[in-house]
Amino acid sequence: MITTSGLTKIYRAHRSRGREVTALDGVDLHVREGEVYGVIGQSGAGKSSLIRCVNLLERPTAGTVTVAGQDLTALAGRGPRAGRELRQARSRIGMVFQHFNLLSSRTVQDNVELPLEILGKSGKERSAKALELLDLVGLADKAKAYPAQLSGGQKQRVGIARALAGDPKVLLSDEATSALDPETTRSILQLLRDLNRQLGLTVLLITHEMNVVKSICDSAALMERGRIVESGTVGELLATPGSELAAALFPVDGEATGTDRTVVDVTFQGEAATQPVISQLSRTYNIDISILGAAIDTVGGLQVGRMRIELPGRYEDNVVPIGFLREQGLQIDVLGQEPVLLREGAK
Amino acid sequence: MQPLLSQACWDTLYMVGWSTLIAVVGGLPLGVLLVLTDRGGLLQNVVANKVVGQVVNVARSMPFIILMVALMTFTRAITGTTIGREAAIVPLAIGAIPFFARLVETAVREVDGGLVEAVQSMGGNTWTIVRKVLVPESLPSLISSTTTTIVALIGYSAMAGTVGAGGLGDIAIRYGYQRFETQLMWITVAILAVVISLIQFAGDYAARSLHRRAGQSGPGPRLRLLKASTATSKTV
Ligand SMILES: Nc1ncnc2c1ncn2[C@@H]1O[C@H](COP(=O)(O)OP(=O)(O)OP(=O)(O)O)[C@@H](O)[C@H]1O
Ligand SMILES: [Mg+2]
């Protein structure tokens with residue numbers, strides 16, 4: 001649904017000649033139709049630049065953006081202003097913002113009607129559609145209120161209703177929940193999830209909170225310094241040894257009890273069970289295994305379990321037992337032991 | 001005395017009313033253009049921006065009395081005369097256009113760039129952004145700017161009185177200054193004080209009630225408009 005290839009964005013400071021910031025450095029992103037795709041990364045990683053390049057609010061320095069089969073970069077033209085074709089394409093892509101960006105001079109309903117005014121819809125059509133959307137986001141009773149009279153969560157609901165007014169197939173969300181408290185964040189994420197399911201909406205969202213990815217994303221990408229360093233469906237990520245995203249999505253705690261120990265994270269998905277494997281391991285190799293931490297959780301709709309165990313002796317002494325665990329089809333991450341080959345193979 | 005004063009009041013209101021109208025009609029688009037053509041603006045045109053900005057600056061800082069004299073030929077070409085209240089409207093309006101334009105520019109710059117971006121993301125063009133975002137969102141400030149302009153024009157119109165435009169300024173000079181009829185002069189001062197207070201009050205009231213609706217206690221936080229003004233970006 002959304003594909004970027006070789007997307008590059010270089011900001012050039014106007015006065016200090018030569019000082020350039022490479023915000024995006026050849027980003028290849030592929031968002032499938034109907035999925036919720038999360039891009040996560042630290043501040044300054046280039047997340048906002050990426051999402052703003054998708055609807056060309058920011059002109060990419062190089063690379064292409066395709067949304068719903070349409071090459072937007074080709075529509076952009078030469079000048080800095082958006083031509084008619086690009087503007088039409090934008091009207092089919094909804095966008096929600098961290099700070100809501102509602103017009104304070106308009107009522108809630110008039111805010112939702114704004115995209116429809118731009119599309120040239122009649123007054124009757126506009127108000128019918130706006131009221132329908134406000135009902136969808138649970139704010140039917142606030143139609144005549146002004147944004148200043150709403151809470152942050154309500155404002156974001158209006159922002160979402162407004163983004164949906166043009167019946168978009170794609171919704172872009174730049175930190176839509178970052179200005180909200182945890183409770184409100186949950187309800188807004190739930191709303192996005194529902195809209196994704198009910199309307200078949202493809203959602204590309206930017207966040208710096210792992211919880212957002214965990215609760216609603218089907219796929220995720222990790223950005224660092226303008227590049228995507230990991231990406232895939234949540235299932236794929238969790239099955240990728242050494243995946244930082246997987247570790248962050250699903251952390252287990254526990255410190256080694258001594259220096260002469262090997263700590264291993266065992267990850268299993270769905271039906272797989274570790275219990276017999278661990279006792280088997282213990283029996284077969286006659287070693288004492290201590291469990292440092294364990295958790296079972298639902299990530300992106302998948303049941304995932306992770307266990308951190310400790311084996312006596314250094315890594316070199318435990319190569320055989322670890323090999324045994326791998327043979328059982330479990331995903332094994334040895335702490336402090338970079339699985340170099342595997343990691344490169346996964347990329 | 002009564003008809004003299006009421007005629008003078010009427011003349012002042014007539015001059016100020018028309019010149020305010022012309023100043024708003026001319027200064028609003030000019031002020032908006034100053035923002036749009038600025039670096040990083042939607043219609044970025046640095047050369048045009050600099051030229052217009054300079055013309056506005058010079059015209060704005062020109063002493064009104066000199067502007068009035070300098071514009072005499074122009075005034076005669078338009079109104080057929082250089083004396084009287086119609087003739088005074090020409091220099092008043094021309095002096096007020098750049099004055100108002102700068103106030104508009106400041107007001108429009110206060111509009112949150114995020115709103116512009118939101119409308120761009122909906123597929124809105126520049127004209128839509130001006131009509132639906134920049135003007136309505138800065139309306140409280142625009143009203144305050146209009147009030148300031150009216151009050152300034154009342155001051156200028158008194159000077160126009162010296163070239164026979166009539167009005168309250170004319171009375172103050174002819175009776176207060178030349179004939180020492182101080183009573184008449186004080187009445188004029190009182191009338192002016194009341195008129196200015198009323199206009200200021202009405203303007204403040206309108207601006208404040210709009211502000212309150214928008215949920216702002218004062219002008220909103222200064223956020224960058226459109227794009228960071230210090231940066232331009234490479235495009236494909
Ligand atoms: N308009 C601009 N002009 C110049 N540099 C910019 C501009 N916008 C962003 N940058 C720079 O590009 C880099 C990436 O910024 P971006 O806003 O995309 O990061 P981000 O991942 O969204 O960060 P955050 O989580 O803080 O929002 C940063 O170094 C930033 O300073
Ligand atoms: Mg950002």
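Below, chains carry the letters A, B, ... as their sequence lines are ordered, and counting in each starts from 1. Heavy atoms only: backbone and side chains are in, while hydrogens, waters and symmetry mates are out.
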Atom pair [atom1]/[atom2] of [X] and [Y] - distance to nearest 0.5 Å:
X: A:F97; Y: B:D112; atom1: CZ; atom2: CG; answer: 10.5 Å
X: A:R162; Y: B:M122; atom1: CZ; atom2: CE; answer: 3.5 Å
X: B:S121; Y: A:D174; atom1: OG; atom2: CG; answer: 11.5 Å

Chain B: which of [options] shares the most heavy-atom pairs with it under 4.5 Å?
options: A:L102, A:V96, A:L56, A:I118; value: A:I118
options: A:R106, A:Q88, A:H99; value: A:R106
options: A:G83, A:S105, A:A89; value: A:S105

Is there side-chain contact between B:Q120 and A:R90, with heavy atoms separated by less than 4.5 Å? yes
Do B:E137 and A:S104 come within less than 4.5 Å of each other through their side chains, counting heavy atoms only? yes
With a 6.0 Å cut-off (strictly less than), is the heavy-atom count around [atom1] of [X], excluding the residue itself, greater than 12?
X: A:E85; atom1: CD; answer: no
X: A:Q42; atom1: CD; answer: no
X: B:R131; atom1: CZ; answer: yes

Over all atoms of both residues, closest heavy-atom pair of A:L103 and B:K132: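 In this case the closest contact between A:L103 and B:K132 is CD1-O, 3.3 Å.
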Using non-hydrogen atoms and a 4.5 Å limit, figure out which bit of [X] sits close to chain B: side chain, backbone, both or neither.
X: A:R92; answer: neither
X: A:P147; answer: neither
X: A:E117; answer: side chain

Look only at the side chain of A:N101 and the backbone of B:G114, and say whether a donor-acceptor pair between them is shorter than 3.5 Å.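 Pair found, side chain donor or acceptor close to backbone of B:G114.
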